[in-house]
Amino acid sequence: MVKFGLQFKATLENVTNVKPLGDDFRWFLKLKCGNCGEIPDKWQYITQVESVPLKGGRGSASMVQKCKLCYRENSIDILGDTITPYNAENSERFKTMVQFECRGLEPIDFQPQAGFAAQGAESGTKFPEVNLLEKDWTDYDEKVNESVGIYEVTHQFIKC
């Protein structure tokens, strides 16, 4: 099994504590089969609340799938205790937001969508519905009369 870290990078304007909200947050990934290299066209999502038993009683994973090309059974699991927020001091730098434990799969792409949350850097105002599908998000913090935003969202995967 191999651990991969999803590193997040964005420019933050007057916000901090950007994080996925809840155990049912959907991590949309493209996954490559480590055996034959097959990459499905469709985005697949995994959540912490889903748990599928592994063959042979070897525990469970967030997702178990059989490769359509080589028929090998592969799995990926979200390591919940590795989920960390992206803060104002991380702005414009890569920071690992979550780690995945992979057996036979390698995450190669990530598509941020709805389900993120953030808070005002100075005011603490909560923004519970942050959608990063467009790689940018803006709002207005009425407590401090400032625009807030998350811009130029990008990512990379690293082996941990």
Side-chain angles (χ1 to χ4, degrees), residues 1-34 37-51 61-63 65 74-160:
M1 86 190 114
V2 180
K3 291 181 185 175
F4 290 94
L6 169 61
Q7 292 196 319
F8 184 89
K9 179 181 169 187
T11 301
L12 303 184
E13 177 190 17
N14 302 318
V15 292
T16 192
N17 201 27
V18 178
K19 62 183 178 183
L21 198 57
D23 289 345
D24 60 345
F25 178 83
R26 294 181 174 188
W27 298 93
F28 283 86
L29 303 170
K30 285 216 174 169
L31 302 165
K32 179 172 93 174
C33 176
E38 172 72 5
I39 303 169
D41 292 335
K42 296 180 183 175
W43 290 97
Q44 299 170 288
Y45 74 83
I46 58 174
T47 68
Q48 282 186 271
V49 294
E50 294 176 20
S51 183
S62 300
M63 182 179 76
Q65 74 174 25
N74 301 314
S75 66
I76 183 170
D77 197 30
I78 301 166
L79 300 175
D81 59 345
T82 67
I83 297 173
T84 56
Y86 190 81
N87 294 311
E89 61 267 15
N90 307 124
S91 187
E92 300 181 16
R93 291 184 301 181
F94 281 106
K95 178 187 177 190
T96 301
M97 186 174 264
V98 64
Q99 289 181 19
F100 303 103
E101 185 175 85
C102 302
R103 291 183 182 96
L105 289 173
E106 179 180 344
I108 58 163
D109 204 357
F110 167 64
Q111 184 179 47
Q113 296 199 7
F116 283 91
Q119 71 183 55
E122 292 178 31
S123 67
T125 301
K126 297 202 182 306
F127 297 97
E129 296 179 15
V130 176
N131 187 335
L132 297 176
L133 182 59
E134 301 297 323
K135 311 289 193 245
D136 290 316
W137 168 85
T138 58
D139 207 327
Y140 190 77
D141 190 338
E142 293 178 7
K143 283 185 184 175
V144 289
N145 296 322
E146 290 181 327
S147 63
V148 294
I150 302 170
Y151 309 104
E152 301 170 3
V153 174
T154 188
H155 70 278
Q156 67 184 15
F157 288 98
I158 59 163
K159 279 189 177 181
C160 300

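Everything quoted here is computed from the prediction, not taken from an experiment.
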Pair Glu152-Glu92, side chain to side chain contact (heavy atoms under 4.5 Å, CB included): steps then yes or no: CA-CA 9 Å; Glu152 301 170 3; Glu92 300 181 16; 6.0 Å; no
Step by step, work out the side chain to side chain contact (heavy atoms under 4.5 Å, CB included) result for Met63 and Thr47. CA-CA 8 Å; Met63 182 179 76; Thr47 68; over 6 Å; no
Between Tyr45 and Leu29, does a side chain to side chain contact (heavy atoms under 4.5 Å, CB included) hold up when you go through it step by step? CA-CA 6 Å; Tyr45 74 83; Leu29 303 170; over 6 Å; no
Run Asn17 and Lys19 through side chain to side chain contact (heavy atoms under 4.5 Å, CB included) and show every step you take. CA-CA 6 Å; Asn17 201 27; Lys19 62 183 178 183; 3.8 Å; yes
Could you please spell out the steps behind the side-chain hydrogen bond (donor to acceptor under 3.5 Å, both in side chains) verdict for Glu13 and Ser147? CA-CA 8 Å; Glu13 177 190 17; Ser147 63; 3.1 Å; yes
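Heavy-atom contacts from other residues, nucleotides or ligands closer than 6.0 Å to CZ of Arg103 number more than 12. No more than 12 heavy-atom neighbours from other residues, nucleotides or ligands sit within 6.0 angstrom of CD on Glu129. Residue Glu89 places its CD atom among more than 12 non-hydrogen atoms of other residues, nucleotides or ligands, all under 6.0 Å distant.
Smallest separation of non-hydrogen atoms from Ala10 and Ile150: CB-CG2, 3.8 Å. Heavy-atom minimum distance, Lys32 versus Gly37: CG-O, 3.7 Å. Annotation for Ile83 and Pro20: closest pair CG2-CG, 3.7 Å, computed over non-hydrogen atoms. Here the closest non-hydrogen pair linking Gly80 and Gln48 is CA-NE2, 3.1 Å. Smallest separation of non-hydrogen atoms from Asn74 and Cys33: ND2-SG, 3.7 Å. For Leu31 against Pro107, the heavy-atom pair with the smallest separation is CD2-CA, 3.7 Å.
Taken from NZ in Lys159 to SG in Cys102, the straight-line distance is 10.0 Å, to the nearest 0.5 Å. A distance of 8.0 Å separates CG in Asn14 from CG in Asp141, rounded to the nearest 0.5 Å. The distance from atom CD of Gln156 to atom OG1 of Thr96, rounded to the nearest 0.5 Å, is 8.5 Å. For the atom pair Lys126 NZ and Leu21 CG, the distance stands at 10.0 Å (nearest 0.5 Å). From Ile46, atom CD1 reaches atom OG of Ser51 across 11.5 Å, with rounding to the nearest 0.5 Å. Separating the CG atom in Leu12 from the CG atom in Asn90 is a distance of 8.0 Å, to the nearest 0.5 Å.
Listed for the Asp139 side chain is no donor-acceptor partner under 3.5 Å among the backbone atoms of Val148. The closest donor-acceptor contact from the side chain of Thr16 to the backbone of Gln119 lies at 3.5 Å or more, if one exists at all. Proximity of a side-chain donor or acceptor of Lys30 to a complementary backbone N or O of Asp41 within less than 3.5 Å is detected.
Looking at His155 and Leu6, their side chains come closer than 4.5 Å, going by heavy atoms from C-beta outward. When side chains are defined from C-beta on, Ile78 counts as touching Phe100, because their heavy atoms get closer than 4.5 Å. Contact of the Lys135 side chain with the Thr154 side chain is not registered, since no non-hydrogen atoms from C-beta on lie closer than 4.5 Å.
Applying the ring pair (Phe, Tyr, Trp, His ring centres under 6.0 Å) test to every pair with at least one member in residues 1-26, sequence neighbours left out, gives these pairs: Phe8-Tyr86, Phe25-Trp27, Phe25-Phe116.
Ring centers of Trp137 and Tyr151: at least 6.0 Å apart, outside the cut-off.
Results of the side chain to side chain contact (heavy atoms under 4.5 Å, CB included) test with Ile158 over Gln99, Lys3, Gln7 single out Gln7 as the only residue that passes.
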